[in-house]
Undergrad: 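Right, I'll just put the structure down here and ask away after.
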2 protein chains.
Amino acid sequence: MTNLQTLRNPSNREALELVEDAIQSSRMLTIVGSCEVDYDGRASGYLAEGERLTLLKPDGTVLIHQNQDSDPVNWQPSGSRASASLYEDKLKLESTRSSPDETLEVLFHEVHHASAYSLQDGVELSLYGQESQMQERIMNEPEVIEDGFRALEKERESECGRIDVFGRDDDGNHVVLELKRRRVGPEAVDQLQRYVDDYRDKGYENVRGILVSPSVTDSAMERLEARGLEHLELEPESMTPQRTKSLDEFD
Amino acid sequence: MTNLQTLRNPSNREALELVEDAIQSSRMLTIVGSCEVDYDGRASGYLAEGERLTLLKPDGTVLIHQNQDSDPVNWQPSGSRASASLYEDKLKLESTRSSPDETLEVLFHEVHHASAYSLQDGVELSLYGQESQMQERIMNEPEVIEDGFRALEKERESECGRIDVFGRDDDGNHVVLELKRRRVGPEAVDQLQRYVDDYRDKGYENVRGILVSPSVTDSAMERLEARGLEHLELEPESMTPQRTKSLDEFD
DNA sequence: AAATTCATGTCGTTT
DNA sequence: AAACGACGTGAATTT
């Protein structure tokens with residue numbers, strides 16, 4: 001890694017120089033110090049003075065992290081534009097974006113530590129066990145749904161969103177599948193229902209709706225039954241269908 | 001701030017010492033270096049070697065950030081437990097959690113910079129413009145919904161979730177309100193419908209459902225009309241109801 | 001621990 | 001830019 005710069009207990013003026021340099025040269029920047037934060041945009045917020053870690057990325061992302069929690073206490077998403085200045089002898093980091101118009105102001109009373117990094121990283125994460133992989137599996141092996149099922153199309157358009165998988169069963173019924181990678185509640189039933197409604201409105205008859213997921217909550221199952229919709233148990237990770245009980249397993 | 005420790009281009013053995021010390025003493029830790037990452041849990045993933053910034057918080061949170069994006073490329077949420085070791089001369093940071101069982105392994109080939117911080121911060125964010133504030137406003141000033149509306153209860157239980165606001169109108173109808181702080185699509189209509197269904201199932205008659213939000217999409221409006229549900233325009237931030245047209249504004 | 005919902009959600013994709 | 005849905009969503013709240 002080239003260009004690692006660090007300041008320990010700098011004056012706010014020294015810190016400003018590093019911050020402006022990091023923004024200019026598109027380097028990742030960390031600032032640890034005592035600050036207060038103002039946010040105004042979709043909502044508005046104020047965070048009184050305290051010690052936090054602020055991260056400014058080359059793409060404009062700003063993250064302010066406290067001692068706890070995955071989520072930053074304040075932030076600005078990628079595409080925002082940052083600038084720094086001195087305000088009453090304090091270091092002010094300002095980030096703005098548009099649509100929606102939002103501003104984030106971080107006022108550092110004291111900077112304890114600031115660093116700028118040039119990170120070399122072109123690698124992307126490979127992730128397994130997503131809904132898209134359930135979809136591929138079903139397109140390739142439609143029999144995991146049921147004998148005689150034919151998967152005709154994925155991402156088929158409807159009036160209110162895309163249908164994960166559309167197909168036909170052995171009896172010639174149309175079948176709408178809604179896939180979920182994890183256990184789901186009644187909102188997933190309603191999502192399936194929207195697509196089924198849509199095809200019935202278009203004049204299709206004999207439309208079955210099947211929710212495909214590892215499991216569903218009780219209230220989701222009630223709602224499925226009330227609407228005449230079905231559930232099929234399927235795991236995303238191993239992508240193996242419901243395992244039948246072994247001979248040693250009794251009720 | 002007490003106890004700021006920093007290592008620049010340390011050996012992996014030196015870095016290990018700092019990491020273990022930070023974990024032991026519950027300090028915030030940043031590690032910038034070249035690493036590969038393995039994740040296994042609800043899904044599984046692999047991130048090949050590259051330079052990133054890793055953040056380990058005192059509460060067990062782990063965040064691995066690349067040059068871009070708000071979201072970490074890999075992470076472990078708060079409550080996870082971290083440990084460090086040397087593995088084939090490399091620094092291995094391992095974090096595990098249970099329910100769900102998940103493990104994250106960060107293998108540093110080279111550490112460029114590592115720092116540990118004790119952050120003093122007991123302050124919480126004050127945030128305005130949330131749904132809960134729309135709710136309070138409506139409980140206090142029910143006339144923002146309509147003349148004669150009485151707000152009887154918030155967070156009232158139903159079979160499938162809590163109703164934001166439950167009340168009665170001037171004609172004695174029961175009224176279910178679903179509040180949203182921003183523009184919403186058809187899924188919000190279905191959420192409202194679930195609560196209305198539930199009260200009708202319980203034998204209530206004359207149940208009105210009103211979606212309260214700054215605006216709705218076209219498909220949401222269609223679905224509202226098809227279901228006989230209503231929409232009321234209300235902003236979360238200023239919390240002022242839909243402004244009536246001034247005399248200068250014509251169609 | 002399970003269920004439910006909000007969120008300044010963020011992010012990807014398509015229209 | 002708007003709409004729509006997935007996400008290893010996270011976080012809060014209640015049962």
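Residue numbers begin at 1 in each chain, while the letters A, B, ... track the order of the sequences. Because only heavy atoms are used, hydrogens play no part in the values below, and waters and symmetry mates are left out as well, while side chains stay in. Note that the structure is predicted; figures quoted are calculated from it, not measured.
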Undergrad: Roughly how many Å apart are C/dC11 and D/dA11, using the P atom of each and rounding to a whole number?
TA: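 Taking atom P in both D/dA11 and C/dC11, they lie 16 Å apart.
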
Undergrad: Rounding to an integer number of Å, can you tell me how far B/Asp190 CG sits from D/dG5 P?
TA: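 Rounded to whole Å, this separation is 10 Å.
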
Undergrad: Measure the distance from CE on B/Met221 to P on D/dC4 and round it to the nearest whole Å.
TA: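 Taking atom P of D/dC4 as the reference, CE of B/Met221 is at 13 Å.
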
Undergrad: Closest-nucleotide mapping onto DNA chain D: is A/Ser98 or B/Val184 further toward the 5' terminus? I mean the 5' end.
TA: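 Its nearest nucleotide being more 5', the pick is A/Ser98.
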
Undergrad: Could you check whether any side-chain N or O of A/Arg52 sits under 3.5 Å from a backbone N or O of B/Asp121, counting only pairs where one atom can act as donor and the other as acceptor?
TA: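 Not at all, since once roles are kept as given, no pair shorter than 3.5 Å links the two residues.
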
Undergrad: Using a 3.5 Å cut-off and no angle test, enumerate the donor-acceptor pairs between side-chain atoms of residues 76-83 of chain B and protein atoms at least two apart in sequence or in another chain.
TA:
unit_1  : atom_1 : unit_2   : atom_2 : d
B/Gln76 : NE2    : B/Ser95  : O      : 3.0
B/Gln76 : NE2    : B/Glu102 : O      : 3.4
B/Ser80 : OG     : B/Pro77  : O      : 2.6

Undergrad: On a whole-Å scale, what distance lies between the C1' atoms belonging to C/dT5 and C/dG9?
TA: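 About 13 Å, rounded to a whole number of Å.
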
Undergrad: Side chains of B/Arg168 and B/His174: do they bring a donor and an acceptor to under 3.5 Å?
TA: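 Short answer, yes.
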
Undergrad: Short question: side chain of B/Lys57, backbone of A/Gln66 - any donor-acceptor pair under 3.5 Å?
TA: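 The answer is yes, because a donor-acceptor pair under 3.5 Å joins these two groups.
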
Undergrad: Return yes when atom CD of A/Glu157 has more than 12 non-hydrogen atoms of other residues, nucleotides or ligands closer than 6.0 Å, and no otherwise.
TA: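 More than 12 heavy atoms, drawn from other residues, nucleotides or ligands, come within 6.0 Å of this atom.
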
Undergrad: Reading nucleotides 7-13 of chain D 5' to 3', which nucleotides get B (base under 4.0 Å from a protein heavy atom), which S (sugar-phosphate only), which -?
TA: SBBSS--

Undergrad: Got a salt bridge between B/Asp197 and A/Arg227, using NZ or NE/NH1/NH2 to carboxylate O under 4.0 Å?
TA: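 So B/Asp197 pairs with A/Arg227 through a salt bridge.
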
Undergrad: Just how far, in rounded Å, is P of D/dG5 from CG of A/Asp198?
TA: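 After rounding, the reported distance stands at 11 Å.
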
Undergrad: Within 45 degrees of the axis of the six-membered ring of A/Tyr199 and under 6.0 Å from its centre: does A/Lys202 put its NZ or CZ there?
TA: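 Yes; both conditions hold, so A/Lys202 lies above the ring face of A/Tyr199.
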
Undergrad: Considering only atom C1', compute the distance from D/dG5 to C/dA7 and round it to an integer number of Å.
TA: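 About 16 Å, rounded to a whole number of Å.
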
Undergrad: Please indicate whether A/Glu155 has more than 12 foreign heavy atoms, meaning atoms of other residues, nucleotides or ligands, lying under 6.0 Å from its CD.
TA: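 It does: A/Glu155 CD has more than 12 such atoms within range.
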
Undergrad: Quick one: on DNA chain C, does A/Asp218 or A/Gly45 contact a more 5' nucleotide (nearest heavy atom)?
TA: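 By nearest-heavy-atom nucleotide position, the 5'-most residue is A/Asp218.
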
Undergrad: Scan A/Tyr46 against the nucleic acid and name what it touches under 4.0 Å (heavy atoms): base, sugar-phosphate only, or nothing.
TA: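 Answer is nothing: A/Tyr46 stays at 4.0 Å or more from every strand.
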
Undergrad: Do the side chain of B/Arg208 and the main chain of B/Glu230 share a donor and acceptor less than 3.5 angstrom apart?
TA: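 Checked: no pair found.
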
Undergrad: Taking any heavy-atom pair under 4.0 Å as a contact, classify B/Glu187: base, sugar-phosphate, or nothing.
TA: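 It contacts nothing in the nucleic acid.
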
Undergrad: Output the rounded distance in Å from NZ (A/Lys154) to P (D/dA6).
TA: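 For the pair A/Lys154 NZ and D/dA6 P, the rounded distance is 15 Å.
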
Undergrad: Under 4.0 Å from any heavy atom of chain B: name the first and the last nucleotide of DNA chain C that qualifies, 5' to 3'.
TA: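 Taking any atom under 4.0 Å from a heavy atom of chain B, the span is C/dA1 to C/dC11.
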
